Each structure stands twice: as structure tokens, then as C-alpha cells.
Asker: 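Input: one structure, supplied below.
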2 protein chains.
Amino acid sequence: MTASRDTAVLRVAAELRSEILSGRIALGSPLREEPLAARFGVSRHTVRTALANLAGTGLVRTAPFVGARVPPFDEAEAAALQDLRRALESEAADLLHRRYGGAPWPQAVLAPIDAALGRLRAAERDGDEAETLQAHSAVHRALVAAAGSPRITRAHEQLSDELSLLLLHARPRYGAGELERQHRALLADVQRLGAPPVREHLDDTLERLGIPRQA
Amino acid sequence: MTASRDTAVLRVAAELRSEILSGRIALGSPLREEPLAARFGVSRHTVRTALANLAGTGLVRTAPFVGARVPPFDEAEAAALQDLRRALESEAADLLHRRYGGAPWPQAVLAPIDAALGRLRAAERDGDEAETLQAHSAVHRALVAAAGSPRITRAHEQLSDELSLLLLHARPRYGAGELERQHRALLADVQRLGAPPVREHLDDTLERLGIPRQA
DNA sequence: AGGGCGAGGATTGTGTAACAATCCTCGCCG
DNA sequence: CGGCGAGGATTGTTACACAATCCTCGCCCT
């Protein structure tokens, strides 16, 4: 899974991303260039541009002359993240709802979402927490991708990484099979009603993180 | 105005950004590292990371071993951009509308938007096309910023650059003072009605670019 | 004892030079 | 006229060096 991609900086960036999203790198800990360069067997320049990449996706934050670290989240930032998420997901839902006029969506559109739901079911069944997190994230990504608006999809994918990082450390608790049930219901509701169910769903998520939505 | 910022790569990135947004660099033209390094008196490394920065904001697009170029837009991309824009601006409008319940917004919230509208008025009066474009963009940014959701604001600011680039080359035509009138009306409508007027406004913009909104 | 202050190490920012990897053009050959 | 290399152009990466900035820690003064 430590796939070798095209260029060295993509490899390093992918590896760092995986380490951050798996929690192997703690929140707030600085990422020093020289040790990373030594560890990956690349030059500092390469590490440096890999870190700049990650900074673009929000997985690390950098400041001049102080370097990169994976950002800790406070409640305000979690709420801000969720605002952006609501913007993207509700617009996607609205696009889909308008496109199909409240009727059930074609099988071709539903298939990827169903696949993601299946993955979520399996992850919850196995009690694999990390995989559940990833699968949950994949369900939302699939829903947004179904809208077929590439820029919304891209923005959401970026956001998704940051969100995974947040959820990885906030660790909201769900009952067995609850996530899959909840999202199957969401999918049905969105087909009939469009964006509003998505908003409710996201507000619920935020509440479970202990952050009451403000006016 | 070619301000010297903190680091060399920020300077170079800012200068390139300004050249792209002013149209001094043509759409589709490649940005070669060596000539740029020579021109700015910096090393190729510096140019390279500056370009990577710009790639993150969408002002240039890069592919491994082929380099960076400022992306040309086709209709599909313009529509995709506008989808994302609608997601962000309508969510911002909705946040504001829910916060103030359809009542007029406080002066403190309106002030920056009014300032931007004033700038737009002046630009239109002077017939300065470039400044009109920038001022128009600033009005939308001010509206989004008023919602006070930092991540939506940031995403919209990024988008704004790309949008300016698109509009710079698409050049929709407006009558004298039309933009200011239209946006003052929009501001009034958004206070009463929330997101829907924003959606209409953006659909109208897209139509003027000759791109009919699809289902 | 406690709080500024500065010296020096640690870390990042940038440059130079070089070479490897890949792309791309252009002329040759069939 | 179209495929195909050869070689130049361009990007990706490395190593090393040094400047700029940050940051820690011990000193000094009160």
C-alpha cells in the first residue's frame, strides 16, 4: 500500500499522508525536514515540496522558518470545517435532486454509493474502527461524486482528508451497524427530498462531536 | 505594488499571480522554470515551489515532467467552477439569513460589503475594466466573508482567483453601472430571502458567459 | 527567586552545480 | 506520407553550502 507513484515527492507525500491519517504522527507534532529526508532516503528539497503539497491539502500547516506540523483542532475549527462540508454536500444533493426531480436515481448513479455502503457495512461488522472511518468517509465522497460536478468533488475530496484527521482524533461513538443504517436512510431521503436531509445529517454529526451548532 | 513579502517564493508567487490575473501571461502558455529564475533573480528551486503554490490555488496546472501552464477554460470547466461557487456563496447567504432571520443585517456586517460596492461603483464610473473585474470579485468575497465561516471564506478566496482568470478572458459585457445596481439589489434580496437570490444571480452570470445551465 | 537578555545551536530558506528521467521536436527511413 | 529514433529541451532530484530566522538555556540584574 506504500505504493510507488510517479515522482519521489508524490511518494513521500503519499506516505506522510497515510501516516498522518492513520494517527502514527501525533497532532501538533512538528515534521522536521532532515530526519524525514534521511528516513525516506531523499533530499531535503524533496521532503520540503512534499510538505508543501500536504500543506495545500490542509493535512499539515506551515509557517515561514518554523516548519510544518499537523494541526490540532479546536471546536471553532471543527465547526468551520463542517460549514464548508455542508456547503459542498448540500449543493451536491441539490444538484442530484434537481436532476432527477425527486425520483429514484438511476442504477448507474447509485452503484458507487451502494458499494461504499457495502464497505461500511463490512467494516462495522468486523469492528475495524480505522476502516469504518475510511468507509464512512468514502460514502460521503461517493454521494458528492455522484453529482458529477468535478470542482465540488475535488474540493470535497480535499476536505475529506482533513475531516478524517479530525474524526480520527475526536472519535465519536456509534452503535453496531448504526452508521450503515443511518446512511442508507440518508440516501433514500436525499433522493426524495434533496439537500435538507443532508443538512440534518451533518448537524447530527457535529452534535455527536460535542459541538452544538450555533445560530 | 510588487511588494516584497517574507520569503522569496512568496514574492515570486505573488508576482506571477499578478501577471496571470492581469492577463500579461496568456492562457495556455507554459511557464518555464529557467527563464523565470533568471528574470526574478532566484534559483530554479524557488521558482519551482512558487509554481507549486500557484498550482495549489488553481492559477496554473502542472503535470510531471511537462511543467506548469496557465489553464485554458472550456465551457464544462466554467460550469464546474460556477457549481462550486454556488455551493459556497449560497451556503454563506444561508448562514447569514438564518443568523439574522430575514431582518436587515447589522451595520458592522454590511460595512465591508458596502465598501466593496462603492469600489465597484467607482470602477464602473471610470470605465476601468480591470478594476471593475476586481471590484466585482471583491463584492462577492465580502458577502461570503460576512458569513464569518473561515473555511468557506478561504475556499471562496481561492476560487475567486480562478474565477477572475476565467472572467478576464471571457469578458462578459455589462451596461454602465449595471453591475453595481445588480449587486445592491442582490444584497437587499439576500437579507430578506437568503440563498435563492444568490442562486439566481449566479445562474444569470453563467448565462451571460454563454453557458446555459443544464438540468 | 524571578524575569528580561543574549549567545549559540537547531531549523528553515535559498543558492549553485550537477546529473538522471522524461518529454518533445525534427529529420530520416521505409 | 506516416512511423521511428536521436538528440536537445525541460523537469525531477541530489549534494553541499551558507544565510536567515527561530528557539532554548543559562546568565545577569534587580
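Letters go in sequence order (proteins before strands), and every chain restarts at 1. For clarity, every value in this text was computed on a predicted model and none was experimentally measured.
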Asker: Consider side chain to side chain donor-acceptor pair (under 3.5 Å). Of A:E89, A:H140, A:R151, A:E91, which one does A:H156 pass it with?
Answerer: A:E89
Asker: Parallel, tilted or perpendicular: which fits the ring planes of B:H136 and B:H183, with parallel below 30° and perpendicular above 60°?
Answerer: perpendicular
Asker: Separation of A:E33 atom CD from D:dT21 atom P, in whole Å?
Answerer: 16 Å
Asker: For A:S137 and A:R141, does a side-chain donor sit closer than 3.5 Å to a side-chain acceptor?
Answerer: yes
Asker: Could you run down nucleotides 14-21 of chain C 5' to 3' and tag each one B, S or - for protein heavy-atom contact under 4.0 Å?
Answerer: BBBBB--B
Asker: For A:P64 and B:E34, take the nucleotide of DNA chain D holding the closest heavy atom to each; which residue's nucleotide lies nearer the 5' end?
Answerer: B:E34
Asker: Under 4.5 Å between any side-chain heavy atoms of A:T205 and A:Q82, yes or no?
Answerer: yes
Asker: In whole angstroms, how far is the C1' atom of C:dC24 from the CZ atom of B:R69?
Answerer: 11 Å
Asker: Have a look at A:L31 and say if it touches a base, only the backbone sugar-phosphate, or nothing, with a 4.0 Å heavy-atom cut-off.
Answerer: sugar-phosphate
Asker: How about A:R121: does its CZ atom have over 12 heavy atoms from other parts shown lying under 6.0 Å from it?
Answerer: no
Asker: With a 3.5 Å cut-off and no angle check, do the side chains of A:T62 and A:R69 form a donor-acceptor pair?
Answerer: no
